[in-house]
Chemist: 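Just passing along the structure, written as structure tokens.
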Amino acid sequence: MAMEVDHGDHQAKDYEDPPPALFLDRKELRLWSFYRAIIAEFVATLLFLYITISTVIGNQKNIANCQGVGPLGIAWAFGGMIFVLVYCTAGISGGHINPAVTFALFLARKVSLPRAIMYILAQCVGAMCGVALVDWFQKASYVSGGGGVNTVQKGYSKTAALATEILGTFVLVYTVFSATDPKRKARDSHVPVLAPLPIGFAVFMVHLATIPITGTGINPARSFGPAIVYGRKQPLKDQWIFWLGPLVGATAAAAYHQYVLRAAGIKALRSFRSQSNTTQ
């Protein structure tokens, strides 16, 4: 429930945190909105992989004659597509488009377990379909361009690659939590804050830093789809890095935001003590 609070020249809204999502919400399985959200995640991830992998292999094709977009252009493609797709799907599915984001929101009790599982499945299948379209439309360029896969680049250890994925995903998921925080929405209700913008910009910045190391995963579906479609041994062998890293980074970001910045643990303890005192 929100209420208006006067702060001088503008009015901000007081707020109450929404109740946590049920761990197993069977009721939502009977709702069309549940399946509509799954479809939205599938289509959004398909479009995300189609555009971004096309950009990656296009850069590889043209890099020899110095006409490729380079790391900067690739970073813009990933960040820009996330901005567009989160903006389009936020009101339908929440605009996750990333199993690590879904996993973090599940840990924070923002989504139920069935929704989290179905979102992650939809994202992975959507990623494979998006890359398959690139392979179909641009077969020669796709193969010669390396399939847009994520692998540990030469000169870097697997430990460095894993740490890179953890930190990069932490930045992304921390931004997601901050941009969608109900307290921020209430406090800045007089400011037209657009949550997809900082999220897309976070993806852009992380890509600038990590493309030379891993090609930038920070999204298990983005790494999984190209690895499966391309079918080469090394990308498949490195998959554990692009799942473990993002999931660890997402967990750390969720814990930091919920239990340090928002002090959820302290609030729960106070609530428990209050209820105990009332019953005595």
Chemist: Has Phe34 got more than 12 heavy atoms of other residues, nucleotides or ligands less than 6.0 Å from its CZ?
Modeler: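 For Phe34, atom CZ is crowded (more than 12 foreign heavy atoms under 6.0 Å).
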
Chemist: Between CE of Met118 and CD1 of Ile39, what distance do you get to the nearest 0.5 Å?
Modeler: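 One finds 10.0 Å between CE of Met118 and CD1 of Ile39.
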
Chemist: Is any side-chain heavy atom of Asp25 less than 4.5 Å from a side-chain heavy atom of Pro114?
Modeler: no

Chemist: Apply side chain to side chain contact (heavy atoms under 4.5 Å, CB included) to Phe106 and Thr102, showing your working.
Modeler: CA-CA 6 Å; Phe106 166 69; Thr102 299; 5.5 Å; no

Chemist: Measure the acute angle between the ring planes of Phe137 and Tyr50, then classify it against the limits of 30° and 60° as parallel, tilted or perpendicular.
Modeler: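 Phe137 vs Tyr50 ring planes: perpendicular.
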
Chemist: Taking all atoms of both residues into account, what is the closest heavy-atom pair of Arg222 and Thr216, and its distance?
Modeler: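 Smallest interatomic distance, heavy atoms only, reads NE-O, 3.4 Å.
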
Chemist: Does Ser144 form a side chain to side chain contact (heavy atoms under 4.5 Å, CB included) with Gln60? I'd like the steps, not just the answer.
Modeler: CA-CA 8 Å; Ser144 63; Gln60 290 298 112; over 6 Å; no

Chemist: Got a second to check how far Ile199's CD1 is from Phe177's CZ, nearest 0.5 Å?
Modeler: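 Separation between the atoms: 11.0 Å.
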
Chemist: Under 3.5 Å, is there a donor-acceptor pair between the Thr45 and Gln123 side chains?
Modeler: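 Not at all, the side chains of Thr45 and Gln123 share no donor-acceptor pair under 3.5 Å.
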
Chemist: Side chain of His257, backbone of Ala253: donor and acceptor closer than 3.5 Å?
Modeler: no

Chemist: For residues Ile53 and Gly148, report the shortest heavy-atom separation together with the two atoms involved.
Modeler: CD1-O, 3.6 Å

Chemist: Can you tell me how far the CG atom of Leu133 sits from the OH atom of Tyr142, to the nearest 0.5 Å?
Modeler: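 Here the interatomic distance stands at 11.0 Å.
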
Chemist: In Å and rounded to the nearest 0.5 Å, what is the CD1 to CG distance from Ile82 to Leu172?
Modeler: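 Separation between the atoms: 7.5 Å.
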
Chemist: Just wondering, more than 12 heavy atoms not from Lys237 lying within 6.0 Å of its NZ?
Modeler: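 Count not over threshold, so no.
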
Chemist: Quick check, are the ring centers of Tyr256 and Tyr174 under 6.0 angstrom apart?
Modeler: yes

